[in-house]
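See structure below.
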Amino acid sequence: MGTILKTEAATMQFGGLTAVDHVDMEIQAGEVHALLGPNGAGKTTLFNMISGIYTPTSGRVIFQGNDISKKRSFEVAALGIGRTFQNILLFDDLSACDNVMIGRHLKTKQPLVESIFWTPRIRREEKSARQRSLELLEYVNLGADAEKKAGSLPYGKKRLLEIARALALEPSMLLLDEPAAGMNPSESVELMEIIRKIRNDGITILIVEHNMRVAMGISDVVTVLNHGQKIAEGVPEVVQHDPAVIEAYLGKGGARQ
Amino acid sequence: MKKVKTRTKIIIAITLLLAIVIPIFTRENRYYMDVFIMLGIYVILGASMNLLIGYSGQISLGTAGFYGIGAYASVLLVMKANMPFLVGLIFAVVLCFLIGYVLGFPATKLNFIFLGLSTAGLNTIIQLIITNSQFTGGASGITGIPSVKLFGEPMTKLQYYYMTLIFVLLVLFICYRIVNSKTGRALMAIKGNPIAASAMGININRYKLLVFAIVSAMGGLAGVLYAFNIRYIQAEAFTTNMSFKILTMGIIGGMGDLGGGVLGSLVAGALPEFLRDLSKYQMTIYGLLIVLVLRFMPKGIVHPIQLGLDKLEQAIAGALAKRKAGKTKNKEG
Ligand SMILES: Nc1ncnc2c1ncn2[C@@H]1O[C@H](COP(=O)(O)OP(=O)(O)OP(=O)(O)O)[C@@H](O)[C@H]1O
Ligand SMILES: [Mg+2]
């Protein structure tokens with residue numbers, strides 16, 4: 001399989017603040033890779049650098065052998081990286097199904113002029129986009145909520161809807177930014193099952209998770225950031241006992257554990 | 001594709017029937033006919049503005065500029081190059097699309113407020129060029145625009161009205177198709193949340209540019225229909241005041257609702273006819289209208305009507321259900 005994503009000395013500065021500081025990280029295809037670290041460690045910033053929302057101030061991001069550091073968000077999506085957002089960014093006024101259909105944007109072949117003539121091909125595309133979106137909603141256990149407005153869904157379902165929408169891109173890699181945040185225990189368990197399912201379907205997952213125990217339970221490899229720097233990396237059992245990691249968590253974010 | 005509700009179909013059918021039949025009775029009255037033709041033109045402008053604001057979240061205070069370009073381009077082509085009306089019309093629409101596409105580039109970089117300001121500036125520039133150029137007849141404009149011919153005969157007002165109606169339907173049809181396809185979903189995504197839209201692979205600038213150009217082309221079409229109806233054009237008809245009027249039409253009906261766009265255009269377009277005495281205050285009235293509607297009916301004047309129809313529908317369904325229940329009871333008894 002080999003490496004699917006690699007960051008090389010990836011750095012992001014906001015004015016005087018270095019949010020991500022020379023981070024080297026390698027993610028193998030097919031694995032679930034967790035990104036851990038206390039509040040403000042730079043996890044979301046690193047996600048934004050990978051997904052093209054930010055351009056790294058220095059260093060590189062390499063996806064499937066191509067340098068994507070300077071690519072914009074929609075281009076990164078087209079290359080096969082889907083993502084969700086820590087602060088949930090759904091299209092609230094649209095139905096759950098429409099949200100997922102928007103995720104199928106690149107997979108739906110509907111040139112504008114042809115759309116106006118509503119040719120058989122356009123109709124077929126529309127039908128299959130809807131069909132596939134409904135399947136994806138089923139996949140994340142939201143089959144019954146397809147016609148509800150995204151904004152009206154409870155918190156946990158919104159997170160699942162974001163995952164379905166990202167999967168609609170048919171990505172080879174999925175970035176999940178704290179997907180369990182705000183979920184109750186039974187929802188978290190459901191989420192972990194869905195994540196395993198996605199992984200078994202061959203999609204590489206990079207997941208940010210605040211909660212050590214949750215992260216340890218589902219991931220093959222863990223990278224820990226603190227103050228923008230990578231302080232540890234390896235299999236969960238080892239990283240868990242790393243003194244630097246314990247200190248980072250107990251020192252500042254420790255109270256949350 | 002979402003199913004069109006029966007209710008919507010009924011409303012469309014009734015509106016269309018009225019739009020076809022009423023003018024037959026007023027065909028001898030030039031004043032009414034001009035009002036009806038203008039209303040058709042307003043619907044084109046208002047619906048396209050609704051597409052721009054309501055679906056893509058952009059704004060333009062420069063639509064009257066394209067309205068003007070459409071009018072002048074077609075008239076000049078027809079008068080100076082002796083081209084048939086239809087050629088002038090197509091030329092004007094394509095030209096406005098291209099100009100909209102080029103001038104739209106900065107638009108993709110600006111936020112809502114600055115886009116409003118810069119399109120207003122653009123409108124003024126277009127108007128100044130028209131006023132100061134010999135080619136466009138300067139400040140006195142162009143008179144003696146030939147009438148449009150049908151089978152060699154000049155069109156009657158009624159015929160011209162029907163031609164306008166056909167273009168109105170064409171524009172609405174195109175808007176409808178755009179909105180209900182991948183393109184429309186992309187626009188709604190951009191308006192709803194640009195960051196998420198981009199993460200879904202939507203090239204935001206490309207789509208913003210595309211709608212801006214389409215809306216410009218529709219503005220140009222409206223300009224052509226306007227010019228060949230009154231057969232006299234002058235830069236003053238294409239000022240930012242007109243753009244503001246078009247904005248009002250696009251907003252008050254209900255943003256992001258095609259039917260609302262049509263309703264808003266008819267209301268805002270017909271209003272001056274009822275308030276002839278207050279024509280000095282036209283802009284003030286439009287301003288007030290926007291403020292009041294946005295304040296008290298953020299979903300537009302179409303919204304309370306929809307709610308009313310919902311209730312009516314429920315009442316009818318309820319009555320029908322009761323009758324049915326009554327019948328079955330009778331049978332049993
Ligand atoms: N756009 C920005 N401009 C300025 N500073 C920023 C910006 N985005 C993030 N930061 C700063 O960078 C640092 C890292 O933030 P980031 O959101 O990446 O942390 P995180 O690890 O995701 O934290 P959390 O667990 O709270 O989500 C923080 O100090 C934050 O304030
Ligand atoms: Mg974060």
Side-chain angles (χ1 to χ4, degrees), chain A residues 47-48 51-53 72-85 87-95 97-119 122-123 125-127 129-130 133 147 150-151 162 165-166 168-171 175, chain B residues 1-4 51 54-57 94 97 101 108-109 169-215 217-218 254-257 298-299 303:
Chain A
F47 261 39
N48 287 341
S51 60
I53 291 176
R72 289 185 292 163
S73 179
F74 69 91
E75 295 168 319
V76 174
L79 288 174
I81 300 184
R83 69 165 292 176
T84 67
F85 297 88
N87 50 337
I88 305 186
L89 300 181
L90 286 167
F91 309 113
D92 281 344
D93 295 335
L94 304 180
S95 71
C97 185
D98 280 341
N99 268 269
V100 184
M101 282 176 86
I102 288 170
R104 287 203 65 77
H105 181 77
L106 295 170
K107 299 283 171 210
T108 314
K109 301 278 168 274
Q110 291 186 332
L112 182 62
V113 176
E114 230 187 291
S115 300
I116 291 170
F117 290 105
W118 201 238
T119 59
I122 297 292
R123 257 174 283 175
E125 284 285 320
E126 190 73 4
K127 213 172 151 191
R130 175 162 291 273
S133 300
E147 293 312 321
E162 271 215 328
R165 186 180 65 176
L169 281 166
E170 293 177 16
L175 313 183
Chain B
M1 166 95 163
K2 273 169 236 150
K3 268 208 181 136
V4 181
L51 184 69
Y55 288 92
S56 83
V94 172
F97 183 90
Y101 203 85
T108 60
K109 309 268 180 258
L169 294 176
L170 189 69
V171 164
L172 292 177
F173 180 75
I174 290 174
C175 287
Y176 175 77
R177 287 289 197 232
I178 291 177
V179 168
N180 288 291
S181 69
K182 152 179 161 161
T183 307
R185 275 193 299 274
L187 294 180
M188 288 185 265
I190 293 169
K191 189 188 173 205
N193 197 312
I195 293 177
S198 186
M200 295 305 119
I202 295 170
N203 183 344
I204 296 184
N205 287 353
R206 184 171 162 260
Y207 278 94
K208 280 190 166 177
L209 214 51
L210 193 64
V211 220
F212 201 83
I214 291 173
V215 171
M218 289 175 176
M255 283 183 268
D257 182 317
K299 289 183 177 168
H303 191 60

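Per chain, numbering begins at 1; letters A, B, ... match sequence-line order. What you see is a predicted model, and the numbers here were worked out from it, not measured in a lab.
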B:R177 versus A:W118: any side-chain heavy-atom pair under 4.5 Å? yes

Under 4.5 Å from any heavy atom of chain B, what part of A:I102 do you find: side chain, backbone, both or neither?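 Both backbone and side chain of A:I102 come within 4.5 Å of chain B.
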
Go through the atoms of A:S51 and report whether side chain, backbone, both or neither lie under 4.5 Å from a heavy atom of chain B.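 Neither part.
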
Note: vs chain A, highest number of non-hydrogen pairs under 4.5 angstrom among B:A189, B:G192, B:A197 is B:A189

Mark yes when over 12 heavy atoms from residues, nucleotides or ligands other than B:L170 sit less than 6.0 Å from its CG; otherwise mark no.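 Count over threshold, so yes.
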
Is a salt bridge present between B:R185 and A:E126, judged by a nitrogen-to-oxygen distance below 4.0 Å? yes

Highest number of heavy-atom pairs under 4.5 Å with chain B: which of [options]?
| options | result |
| --- | --- |
| A:Q110, A:R72, A:H105 | A:H105 |
| A:L106, A:D92, A:L169 | A:L106 |
| A:T108, A:L90, A:I122 | A:T108 |
| A:S115, A:A77, A:S73, A:A129 | A:S73 |

Got a second to check how far [X]'s [atom1] is from [Y]'s [atom2], nearest 0.5 Å?
| X | Y | atom1 | atom2 | result |
| --- | --- | --- | --- | --- |
| A:L89 | B:I195 | CG | CD1 | 6.0 Å |
| B:I174 | A:L112 | CD1 | CG | 9.0 Å |
| B:K182 | A:R104 | NZ | CZ | 10.5 Å |

All heavy atoms of A:F85 vs all of B:A199, minimum pair found to be CZ-CB, 3.8 Å

Over all heavy atoms of both residues, which pair between A:G103 and B:M200 is shortest? Give the atoms and the distance, please.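 So the two residues come closest at CA-SD, 3.7 Å.
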
